[in-house]
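Right, one structure below, let's go through it.
Order of the sequence lines sets the chain letters (A, B, ...), proteins ahead of strands, with each chain counted from 1.
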Protein chains: 2
Amino acid sequence: MIRRLSQARERGIPEATVARLPLYLRALNGMSERGLATVSSEDLAMAAGVNSAKLRKDLSHLGSYGTRGVGYDVEYLIYQISRELGLTQDWAVAIVGVGNLGRALANYGGFVSRGFRVAALLDADPEVVGDRIAGLNVEHIDELEAVIRRRGVSIVVLATPAAAAQQVADRVIAAGITSILNFAPVVLSVPEGVDIRKVDLSIELQILAFHEQRKTDRMTGGPAMAEEWPEAVDL
Amino acid sequence: MIRRLSQARERGIPEATVARLPLYLRALNGMSERGLATVSSEDLAMAAGVNSAKLRKDLSHLGSYGTRGVGYDVEYLIYQISRELGLTQDWAVAIVGVGNLGRALANYGGFVSRGFRVAALLDADPEVVGDRIAGLNVEHIDELEAVIRRRGVSIVVLATPAAAAQQVADRVIAAGITSILNFAPVVLSVPEGVDIRKVDLSIELQILAFHEQRKTDRMTGGPAMAEEWPEAVDL
DNA sequence: CCCACTTTGTGCACCGGTTCACAAAGGGAC
DNA sequence: GTCCCTTTGTGAACCGGTGCACAAAGTGGG
Ligand SMILES: NC(=O)c1ccc[n+]([C@@H]2O[C@H](COP(=O)([O-])OP(=O)(O)OC[C@H]3O[C@@H](n4cnc5c(N)ncnc54)[C@H](O)[C@@H]3O)[C@@H](O)[C@H]2O)c1
Ligand SMILES: NC(=O)c1ccc[n+]([C@@H]2O[C@H](COP(=O)([O-])OP(=O)(O)OC[C@H]3O[C@@H](n4cnc5c(N)ncnc54)[C@H](O)[C@@H]3O)[C@@H](O)[C@H]2O)c1
């Protein structure tokens, strides 16, 4: 009778699906704003930039929330995806490292819109500590553990220089945090059970450069055949 | 005889491999600075945070550059990976949208270090145009095509609000650009042959939240069994 | 020159994810 | 109630990528 607790639901949702749910959610929010009541997998897939079979399979992992012959109820689906992603609660985020990037992130509005609240800013530089940014006081990194506890922080964004990142990560983890978004260009080593996601601008550019090179190579007739180590080897 | 143009080399390198090459490169640069001459797949894999079989298979796609019983020559491998990624030339990058994020990117040093040069900053806001940031004048978006041509820009970073991103992308592509790094939270639709990579902070946080929720659910004995649409459905 | 040791390069089995294609389900018309 | 139309949900084939495990290749010592 409890048909709604669908078969596929009981065991975990594939990682690839999780990564796409926010995309669907964004598209659905747009549709909700435009007053659409229902949407077909075809249309939603189009809006999210994926193939419709994939979209249906993804949604089927959360349950059987569509109506054959009709589509999905926009509001209902928004609710289900939000719940699945844990966005029905709000999350306190701390940003550690309030430099160029940390400031940009702190001032960024798109954050709050989706249940994330910047609850603390932390830095090691006495020059920076005490600054007021986006309505928050920058606190000293020495206060890290206390601040995390006091503000109920559960996600930490790392925007320190690469050299400091591992050390800060260790402290943050010791303080009980298990979700970290890392902007520093280093491979963090963390214990089992801690989730790290990284954003690395430089890697993205290098991947683009690779493909760009391929494209221009193709036009100019391939790379030079000389695949050898050129003279300039100074070691 | 031309043993070096290895078997695996002739056809394209797997996308997953391309995405890891920058990681290896970063690790190798660290080793080079510390004066290491050679490195084993085991050690390099460790430093890059991957499994050593994967590393060897990745490298084998570029050619057979290791020495059995010894390992890889650090400098030589740096050169080969750099060449493969197209980092032996330098790339002129334009940043469109010089707000919070655009400024942070413009001021970011880690860029230049790897063959990428911020060659132009563009914005639509007359308030911003003319500002001098990181040694560059912010130019008006009307100048887009001319600036791209004049500075030899081949990669564009989009840091405009979401609402403007598609429109800017269209113009940039019309101007001949085929590599775009998009920070705006929208799915850009682009013609065949144009490479888009996106960085979406909000998606990363949502993925972290999903896992964080799972972790805490596990401790508190799973989510409430009520999977139903709660009362508050206002449609 | 040969043997013991190290480390690469890769064949192969496996796995998660994608896509196709279709049966099953629901809606609406009459 | 029956029929037709639309659209979902999913079985199954396929595909790219991963990791094990080992033969091949190279080094160094005697
Ligand atoms: N700015 C960008 O666009 C950009 C892009 C990609 C990656 N990154 C990376 O993000 C990180 C931050 O970049 P940024 O440009 O903001 O650098 P930044 O130097 O402007 O800021 C770093 C901040 O971290 C603080 N800090 C240093 N050690 C600390 C510690 N132990 N604890 C707490 N705070 C500490 C510094 O005081 C400084 O305020 C770097 O790792 C950088 O490589 C930046
Ligand atoms: N700031 C962040 O940390 C952050 C994080 C993730 C994503 N983003 C995304 O990055 C983008 C920029 O964020 P931001 O915080 O810098 O916003 P912002 O409003 O501070 O800056 C946007 C800039 O783009 C300019 N602009 C607007 N329309 C333009 C057009 N048609 N052509 C050229 N320039 C135009 C504006 O004048 C402004 O200077 C947004 O899409 C945002 O969602 C920002």
*Just wondering, do A/L55 and A/R20 contact through their side chains at under 4.5 Å, heavy atoms?*
no
*asked:* Please confirm whether the shortest side-chain N or O distance from A/K54 to OP1 or OP2 of C/dT19 is below 4.0 Å.
replied: yes
_Go nucleotide by nucleotide along DNA chain C from the 5' end; which of A/T67 and B/T67 gets its closest nucleotide reached first?_
B/T67
*Ignoring backbone atoms, establish whether B/R68 has a side-chain N or O less than 4.0 Å from OP1 or OP2 of C/dT10.*
no
*Salt bridge flag under 4.0 Å for residues B/R26 and A/D200*: yes
*Going by heavy atoms closer than 4.0 Å, what residues in residues 39-53 of chain B are next to DNA chain C?*
B/S40, B/S41
*Tell me which of A/T17 and A/V70 sits closer to the 5' end of DNA chain C, going by the nucleotide each one is nearest to.*
A/T17
_Going by side chain to side chain donor-acceptor pair (under 3.5 Å), name the pairs with one or both residues in residues 157-167 of chain B, residues two or more places apart or in two chains._
B/Q166-B/D170
*Quick one: is B/Y65 getting a side-chain N or O under 4.0 Å of the C/dT7 phosphate, OP1 or OP2?*
no
*asked:* Between P on C/dG9 and CG on B/L62, what's the gap in Å once rounded to a whole number?
replied: 10 Å
_Whole-Å gap separating P (D/dG16) and CZ (B/R20)_ = 15 Å
*Could a donor-acceptor pair under 3.5 angstrom be found where the side chain of A/K57 meets the base of C/dT19?*
yes
*Answer yes when A/R56 and A/E42 have at least one side-chain N-carboxylate O distance shorter than 4.0 Å, and no when they do not.*
no
*Can you check the B/L55 CG to D/dG19 P distance for me, whole Å?*
12 Å
*Just grab all the side chain to side chain donor-acceptor pair (under 3.5 Å) pairs involving residues 27-39 of chain A, residues at least two apart or on different chains.*
A/S32-A/E75
*Find which nucleotide of DNA chain D each of A/G69 and A/L59 is nearest to by heavy atoms, and output the residue with the more 5' nucleotide.*
A/G69
_Spacing of A/Y72 atom OH relative to D/dT7 atom P, expressed in whole Å_ = 12 Å
*Taking only N and O in the side chain of A/R56, is any of them less than 4.0 Å away from OP1 or OP2 of C/dC20?*
no
*In whole angstroms, how far is the P atom of C/dG16 from the CD1 atom of A/I13?*
16 Å
*For the side chain of A/T17 and the backbone of A/I13, is there at least one donor-acceptor N/O pair under 3.5 Å apart?*
no
*asked:* Does B/K215, at its NZ atom, have more than 12 non-hydrogen atoms belonging to other residues, nucleotides or ligands within less than 6.0 Å?
replied: yes
